[in-house]
Engineer: 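The structure's right below; bear with me while I get my questions together.
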Amino acid sequence: VDRLARLPTLEIGQRLREENAQYFILPSENTEFDGLLSDSFLKQYDADFDFAMKRLNLFSPDHCEGKVIYWQPKALAMVPFTLNESSQIRLRVELDGKRIDAILDTGASSTTLNQTMARRLFDLDVSAPDVEKVGEMTGGYTANVYQRKFKTLTLEGITIADPMITLLPDMMSGPVGDRETGSLTRRVGNVEPMLLGINILSKLHLYIAYKERKLYVTDAGTPPPAAPQAPANPPQ
């Protein structure tokens with residue numbers, strides 16, 4: 001049963017404060033993190049994921065359209081997106097030249113592709129030498145999980161070389177569905193064909209303008225140099 005709690009105040013950083021907001025209570029067995037900020041919260045703002053600086057910036061969405069880039073990137077992609085029924089960001093990418101509808105998920109550690117879609121688009125053979133079995137999933141039956149390195153993943157001109165993609169079995173859907181209006185790839189049942197996880201997203205700088213329905217994408221930039229370590233035994 002879903003349970004809600006009303007928080008008197010929630011403060012993020014030094015300038016953002018919410019009062020009397022309702023939040024779902026996580027299961028008690030969760031130990032990975034204390035809380036989760038989902039798209040239901042983030043879409044009130046512009047969300048800027050600066051992975052090189054390990055920083056999340058939240059901005060007011062009330063600004064002139066397109067006037068969002070405050071850093072100096074080598075190249076910039078503006079990717080239109082839609083929100084699906086779960087308010088997840090849905091956009092189109094190119095994987096090895098094939099256009100695929102994908103979901104952006106900063107909470108996922110890996111980038112995944114449905115095996116049914118992989119076979120259809122890339123004639124994928126899981127017994128090929130460049131495909132590695134990395135685990136199993138169960139759900140009434142057991143199915144293998146694989147991993148394969150592709151050549152390129154592109155978002156409107158911003159390209160990531162050698163993306164590692166986890167190939168998930170289709171265990172949640174029925175027969176392959178029809179194309180949705182405006183979609184170049186079919187869903188496999190109710191499952192989105194591809195999910196962009198943090199192993200790919202962390203190589204980028206992402207600015208999500210929810211009001212504009214645009215994702216601004218650049219390279220991640222250069223992380224700051226590590227602070228010098230103090231010697232274990234300082235000289236006397």
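Index from 1, following the sequence.
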Engineer: Taking C-beta and beyond as the side chain, do Ile165 and Gln147 meet within less than 4.5 Å on heavy atoms?
Structural biologist: no
Engineer: Do the side chains of Tyr146 and Ile200 join up, straight or via other hydrophobic residues, at under 4.5 Å, putting them in one cluster?
Structural biologist: yes
Engineer: Should Lys98 and Phe122 count as side-chain neighbours, where that means a heavy-atom distance under 4.5 Å?
Structural biologist: yes
Engineer: Check whether Leu168 and Ile103 end up in the same hydrophobic cluster, where Ile, Leu, Val, Met, Phe, Trp and Tyr are linked by side-chain heavy atoms less than 4.5 Å apart.
Structural biologist: no
Engineer: Under the side chain to side chain contact (heavy atoms under 4.5 Å, CB included) rule, what do Asp101 and Arg90 come out as? Steps first, then yes or no, please.
Structural biologist: CA-CA 7 Å; Asp101 293 325; Arg90 192 169 191 242; 3.7 Å; yes
Engineer: Would you check if Ile89 and Ile208 make a side-chain contact, meaning some heavy-atom pair closer than 4.5 Å?
Structural biologist: yes
Engineer: Taking the side chain as every heavy atom from C-beta outward, state whether Val217 and Pro73 have any atom pair closer than 4.5 Å.
Structural biologist: no
Engineer: If every non-hydrogen atom of Asp50 is compared with every non-hydrogen atom of Ala220, which pair is closest and at what distance?
Structural biologist: OD1-O, 4.4 Å
Engineer: Any heavy-atom pair between the side chains of Asn57 and Phe49 that's under 4.5 Å?
Structural biologist: no
Engineer: Output the distance between atom CG (Leu206) and atom OG1 (Thr218), rounded to the nearest 0.5 Å.
Structural biologist: 8.0 Å
Engineer: When you look at CD of Gln72, are more than 12 heavy atoms from neighbouring residues, nucleotides or ligands closer to it than 6.0 Å?
Structural biologist: no
Engineer: Evaluate the criterion side chain to side chain contact (heavy atoms under 4.5 Å, CB included) for residue pair Leu215 and Leu91; output intermediate values, then yes/no.
Structural biologist: CA-CA 9 Å; Leu215 176 67; Leu91 67 161; 3.8 Å; yes
Engineer: What is the distance from atom CG of Leu196 to atom CG of Leu201, rounded to the nearest 0.5 Å?
Structural biologist: 5.5 Å
Engineer: Give every donor-acceptor pair under 3.5 Å between a side-chain atom in residues 151-161 and any protein atom, sequence neighbours left out.
Structural biologist:
unit_1 : atom_1 : unit_2 : atom_2 : d
Thr154 : OG1    : Thr159 : OG1    : 3.0

Engineer: Taking only residues at least two apart or on different chains, which pairs with a member in residues 66-76 satisfy salt bridge (charged side-chain N to carboxylate O under 4.0 Å, His left out)?
Structural biologist: none
Engineer: To the nearest 0.5 Å, what is the distance between NZ on Lys133 and CG on Asn144?
Structural biologist: 4.0 Å
Engineer: What's in the same ILVMFWY side-chain cluster as Tyr216, cut-off under 4.5 Å, chained through other members?
Structural biologist: Phe59, Val68, Ile69, Tyr70, Trp71, Leu76, Met78, Tyr207
Engineer: Under a 4.5 Å side-chain heavy-atom rule over Ile, Leu, Val, Met, Phe, Trp and Tyr, are Met164 and Leu104 clustered together?
Structural biologist: no
Engineer: Does Asn199 form a side-chain hydrogen bond (donor to acceptor under 3.5 Å, both in side chains) with Ser110? I'd like the steps, not just the answer.
Structural biologist: CA-CA 5 Å; Asn199 71 313; Ser110 61; 5.7 Å; no
Engineer: To the nearest 0.5 Å, how far apart are OG1 in Thr111 and CD1 in Ile198?
Structural biologist: 9.0 Å
Engineer: So, using side-chain hydrogen bond (donor to acceptor under 3.5 Å, both in side chains) as the criterion, who are the partners of Lys211 when residues are at least two apart?
Structural biologist: Asp62
Engineer: Decide yes or no on side chain to side chain contact (heavy atoms under 4.5 Å, CB included) for Thr112 and Met194, but give the supporting numbers first.
Structural biologist: CA-CA 6 Å; Thr112 64; Met194 189 173 188; over 6 Å; no
Engineer: For Asp130, enumerate each residue passing the side-chain hydrogen bond (donor to acceptor under 3.5 Å, both in side chains) test, keeping only those at least two apart in sequence or located in another chain.
Structural biologist: Arg148
Engineer: So Leu121 and Ile100, do their side chains get closer than 4.5 Å, heavy atoms only?
Structural biologist: yes
Engineer: Work out which heavy atom in Leu113 is nearest to a heavy atom in Ala118; give both atom names and the distance.
Structural biologist: CD2-CB, 3.8 Å
Engineer: What distance separates Asp105 CG from Gln88 CD, expressed to the nearest 0.5 Å?
Structural biologist: 6.5 Å
Engineer: Taking it one step at a time, do Val131 and Leu124 satisfy side chain to side chain contact (heavy atoms under 4.5 Å, CB included)?
Structural biologist: CA-CA 9 Å; Val131 179; Leu124 183 82; 4.0 Å; yes
Engineer: Got a second to check how far Thr116's OG1 is from Arg119's CZ, nearest 0.5 Å?
Structural biologist: 4.5 Å
Engineer: Restricting to pairs with a member in residues 212-221, which pass salt bridge (charged side-chain N to carboxylate O under 4.0 Å, His left out), not counting sequence neighbours?
Structural biologist: Glu65-Lys214
Engineer: Look at the side chain of Gln115 and the backbone N and O of Leu167, then say whether any donor-acceptor pair between them is shorter than 3.5 Å.
Structural biologist: yes
Engineer: In the structure I gave you, are the side-chain heavy atoms of Thr166 and Val145 within less than 4.5 Å of one another anywhere?
Structural biologist: yes
